[in-house]
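We number each residue from 1, following the sequence as shown.
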Amino acid sequence: MKRNLLSIIILALLVVNIVLSAIMMVSVSSASKKTAALVSDIATIIGVEINGLPQSDVGGASVSMADTAVHNVAGELTIPLKKSEGDEDDHYAVGSVSLSLDSKHADYKKYSETMSDMDGIIKDIVFSVMAKYTIDEARTDAEPIKAEILEKLQERFDSTFIYSVSFNFLYS
């Protein structure tokens, strides 16, 4: 008789434990979703990428850091963005652009000495691509913009020695 009563008490405590655990999980997960949404909104406002660092291998080739040279485009760029529907305000992207170059590529030697002289061409391509996007598109997903800039640069230089585009823009 004592064993049956003890088993019933243990079973009742087990059921209560499961119910309380389920209630706790529901309350914690809803709070976690709200926190994640808040962090996402704040990150969008300040222009931080939540998905981590951009993939450097947009062109398909994987280049080691030891074989990477970086060209920082001189000067800060102020780029007017396309107007959003229903938004009459002018918006701008202000920041800098960097290119990752494959130092083992055959064309690297040909262009590396004169990359700073080509900043005007690079800026023109960045301006023309960025001007096609609205502020919301630029803030939410920069990867298509980077991919399009990279494609245009590779087309212009007729080479794949530039394998990644990085930029750091503040949007206003």
Nearest atoms (heavy-atom pairs only) where I79 meets A131: CG2-N, 4.4 Å

How close do S159 and H105 get, heavy atom to heavy atom, and via which atoms? OG-CE1, 3.3 Å

Would Y133 and I145 satisfy side-chain contact (heavy atoms from CB on, under 4.5 Å), going step by step from the backbone distance to the final call? CA-CA 8 Å; Y133 291 90; I145 299 171; 3.7 Å; yes

Any chance you could measure L153, atom CG, to M118, atom CE, to the nearest 0.5 Å? 11.5 Å

Can you tell me how far apart CG (N4) and CG (L11) are? Round to the nearest 0.5 Å. 12.0 Å

Closest non-hydrogen atom pair between S96 and F169, with its separation: N-CE2, 4.2 Å

What's the shortest heavy-atom distance between I125 and I149, and which atoms? CG2-O, 4.2 Å

Transitively linked via ILVMFWY side-chain contacts under 4.5 Å: V129 with F127? yes

Cation-pi, F167 ring and K146 (6.0 angstrom, 45 degrees): yes

E113-Y108 side chain donor-acceptor pair, cut-off 3.5 Å: no

From L150 atom CG to S166 atom OG, the distance as rounded to the nearest 0.5 Å: 10.0 Å

From L13 CG over to L20 CG, what is the distance, rounded to the nearest 0.5 angstrom? 10.5 Å

Exam field: side chain H91 to backbone L81, donor-acceptor pair closer than 3.5 Å: no

N/O donor-acceptor pair under 3.5 Å between Q154 side chain and I162 backbone: yes

Looking at Y111 versus F161, is the centre-to-centre ring distance below 6.0 Å? yes

Taking 4.0 angstrom as the limit, do E137 and K132 come out as a salt bridge? no

What pair of heavy atoms forms the shortest contact from S172 to I135, and how long is it? O-CD1, 3.8 Å

When you measure from the side chain of S32 to the backbone of V28, do you find a donor-acceptor pair of N or O atoms at a distance under 3.5 Å? no

Can you check whether I121 reaches R156 side chain to side chain, under 4.5 Å on heavy atoms? yes

Tell me, yes or no, whether the heavy-atom count around D158 atom CG, taken from other residues, nucleotides or ligands under 6.0 Å, exceeds 12. no

Give a yes or no on whether K152 atom NZ has more than 12 heavy-atom contacts from other residues, nucleotides or ligands under 6.0 Å away. no

Rounded to the nearest 0.5 Å, what's the gap from CG on N17 to CE on M24? Could you check? 9.0 Å

Atom pairs and distances, donor-acceptor, side-chain atoms in residues 63-75, under 3.5 Å, two or more places apart:
from : atom 1 : to   : atom 2 : distance (Å)
S64  : OG     : D67  : N      : 3.4
S64  : OG     : D67  : OD2    : 3.3
T68  : OG1    : S64  : O      : 2.8
T68  : OG1    : Y163 : OH     : 2.5
H71  : NE2    : D119 : OD1    : 2.7
N72  : OD1    : S98  : OG     : 2.6

Kindly work out whether a path of hydrophobic side-chain contacts (I/L/V/M/F/W/Y, heavy atoms less than 4.5 Å apart) joins F157 to L101. yes

If you measure from CD1 on I122 to CG on L77, what distance do you get to the nearest 0.5 Å? 10.5 Å

